[in-house]
Number of protein chains: 2
Amino acid sequence: MRQSVINPLAMNPKTAAKQDFIPLMRELVRAYQAFAAYDASGYRDVDLTVPQADVVFTLGNTDGLTFKEIGEKTLITKGTLTGVIDRLEDKGLVSRVPCPEDRRCMRVTLTDEGRGLFEKEFPRQIQYLKARFDRLAKSEQREALESLKKLRAVF
Amino acid sequence: MRQSVINPLAMNPKTAAKQDFIPLMRELVRAYQAFAAYDASGYRDVDLTVPQADVVFTLGNTDGLTFKEIGEKTLITKGTLTGVIDRLEDKGLVSRVPCPEDRRCMRVTLTDEGRGLFEKEFPRQIQYLKARFDRLAKSEQREALESLKKLRAVF
DNA sequence: TATTGTTATACTCTATAACTATA
DNA sequence: TATAGTTATAGAGTATAACAATA
């Protein structure tokens with residue numbers, strides 16, 4: 001699991017001292033990483049990489065998306081996306097359909113197998129995550145949400 | 001910048017509906033990604049990958065660390081770390097020094113050039129980040145810290 | 001001319017396992 | 001036997017740029 005350039009978890013305490021925002025930065029990274037690690041651990045059995053899963057979950061409940069749309073949502077650049085889609089196609093999970101209205105376009109849709117995977121794995125994963133978020137009281141969830149919004153707003 | 005398996009940013013709204021923890025998860029990911037993107041943007045000019053920068057910043061203000069220690073702090077596995085250190089050595093930023101007390105060990109230290117890079121880039125990057133964290137009031141920083149601690153604790 | 005997606009290239013990281021040299 | 005680090009291998013993502021087909 002890769003991280004930001006500044007890695008407050010590895011940082012030498014001597015180096016970090018006297019910067020009072022560092023504990024906050026540290027907790028932001030730790031909280032995210034704890035979440036991401038838990039998320040990934042619920043995902044071991046499915047034979048997809050993170051970018052591949054990202055694409056499958058992005059395509060779920062849509063009628064297909066173009067490369068451009070998928071790239072915008074997942075932040076995968078077009079050259080890379082071609083390869084990711086190739087591998088998903090090899091696995092039989094998605095298919096390419098030419099757009100009738102613009103012949104430069106390709107629409108990517110889940111196959112029946114891909115839809116099956118999505119419908120099985122996505123709700124399972126959501127429940128897996130929900131189990132942990134639900135350990136926070138509603139009021140704590142609200143406070144965390146507000147704090148995170150403020151935090152995001154400064155960047 | 002890679003992310004968790006569940007990517008609340010790409011998720012279809014129809015899919016996300018009726019799970020009330022989703023906004024919180026979404027904000028956690030967005031806040032982290034906003035931070036990480038800002039962090040990376042302050043880092044464009046330095047010719048280091050994220051794992052490489054991570055190692056250099058980890059070695060800063062130490063007398064050198066063994067492969068084992070670096071691996072534990074940065075979460076880079078030993079096989080990968082050998083390659084990362086090789087490339088940093090090629091760039092003249094670190095050097096390998098055999099440990100006198102245990103001849104299986106290698107201590108990795110910053111060279112003068114590596115130390116120079118660290119002493120220039122690290123404080124600059126910290127200031128760059130501090131500028132944004134400081135936009136939050138002290139009380140907001142404290143609240144955010146508390147919320148993030150609770151959030152991390154559930155995972 | 002601009003846009004969509006593909007291809008090509010080169011590099012880095014990742015995971016895994018076998019290997020060496022020490023302890 | 002166990003540990004520290006290296007080597008080998010295979011795969012996947014990344015960035016970048018040139019390219020073909022179409023708009």
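Since we're looking at a predicted model, the values are computed, not measured. Just so it is clear, the values below take in all heavy atoms, side chains as well, and ignore hydrogens, waters and symmetry mates.
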Task: Nucleotide-resolved protein contact map, nucleotides 17-23 of chain D, B/S/- at heavy-atom distance under 4.0 Å - done: ----BBS
Sequence-distant partners of [X], salt bridge (charged side-chain N to carboxylate O under 4.0 Å, His left out), two or more places apart:
{"X": "A:Arg135", "result": "none"}
{"X": "B:Arg152", "result": "A:Glu27"}
{"X": "A:Glu121", "result": "A:Arg124"}
{"X": "B:Glu140", "result": "A:Lys150"}

Pairwise ring pair (Phe, Tyr, Trp, His ring centres under 6.0 Å) hits with a residue in [range], at least two apart:
{"range": "residues 66-99 of chain B", "answer": "none"}
{"range": "residues 133-155 of chain B", "answer": "A:Phe21-B:Phe133, A:Phe35-B:Phe155, A:Tyr38-B:Phe155, A:Phe133-B:Phe155, A:Phe155-B:Phe133"}
{"range": "residues 74-106 of chain A", "answer": "none"}

Task: Strand-adjacent residues in residues 83-93 of chain B, judged by heavy atoms under 4.0 Å from DNA chain C - done: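 Within this stretch, B:Val84, B:Arg87 sit under 4.0 Å of the strand.
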Open item on the list: For a quick check of understanding: with a heavy-atom distance under 4.0 Å over all strands, which category does A:Thr82 fall into, base, sugar-phosphate or nothing?
Closed with: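 Base, at least one base atom sits under 4.0 Å.
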Task: B:Arg96 side chain, from C-beta outward: closest of C:dT14, C:dT12, D:dT6 - done: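 Closest nucleotide to the B:Arg96 side chain: D:dT6.
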TODO: Among D:dG5, C:dC13, D:dG13, find the nucleotide with the atom closest to the side chain of B:Thr80.
DONE: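 Selected nucleotide: C:dC13.
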Taking [atom1] from [X] and [atom2] from [N], how many angstroms apart are they, rounded to a whole number?
{"X": "B:Leu48", "N": "C:dT12", "atom1": "CG", "atom2": "P", "answer": "11 Å"}
{"X": "B:Asp47", "N": "D:dA15", "atom1": "CG", "atom2": "P", "answer": "15 Å"}
{"X": "A:Met106", "N": "C:dT6", "atom1": "CE", "atom2": "P", "answer": "6 Å"}
{"X": "B:Leu81", "N": "C:dA15", "atom1": "CG", "atom2": "P", "answer": "13 Å"}

Report, one line per pair, each donor and acceptor closer than 3.5 Å where one atom sits in a side chain of residues 111-119 of chain B; sequence neighbours left out.
unit_1   : atom_1 : unit_2   : atom_2 : d
B:Thr111 : OG1    : B:Gly92  : O      : 2.7
B:Thr111 : OG1    : B:Leu93  : O      : 3.2
B:Thr111 : OG1    : B:Glu113 : N      : 3.4
B:Thr111 : OG1    : B:Gly114 : N      : 3.0
B:Arg115 : NH2    : B:Leu110 : O      : 3.2

TODO: For D:dT14, take OP1 and OP2 only and decide whether either is under 4.0 Å from a side-chain N or O of A:Thr77.
DONE: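 For D:dT14, OP1/OP2 do not have a side-chain N/O of A:Thr77 under 4.0 Å.
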TODO: Using a strict 4.0 Å threshold on nitrogen-to-oxygen distance, state whether A:Lys73 and A:Glu69 make a salt bridge.
DONE: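 Salt bridge flag = no for A:Glu69 with A:Lys73.
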- [ ] Go through the structure and list residues passing side chain to side chain contact (heavy atoms under 4.5 Å, CB included) with A:Thr49, not counting sequence neighbours.
- [x]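 For A:Thr49, the residues satisfying side chain to side chain contact (heavy atoms under 4.5 Å, CB included) (neighbours in sequence not counted) are A:Pro51, A:Gln52.
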Task: Parallel, tilted or perpendicular, as decided by the 30° and 60° cut-offs, for the rings of B:Phe122 and B:Phe57 - done: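 The rings of B:Phe57 and B:Phe122 stand perpendicular, inter-plane angle above 60°.
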- [ ] For DNA chain D, determine which residues of residues 63-72 of chain A have any heavy atom closer than 4.0 angstrom to one of its atoms, and list them numerically.
- [x]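 Heavy-atom contacts with DNA chain D come from no residue of residues 63-72 of chain A; none.
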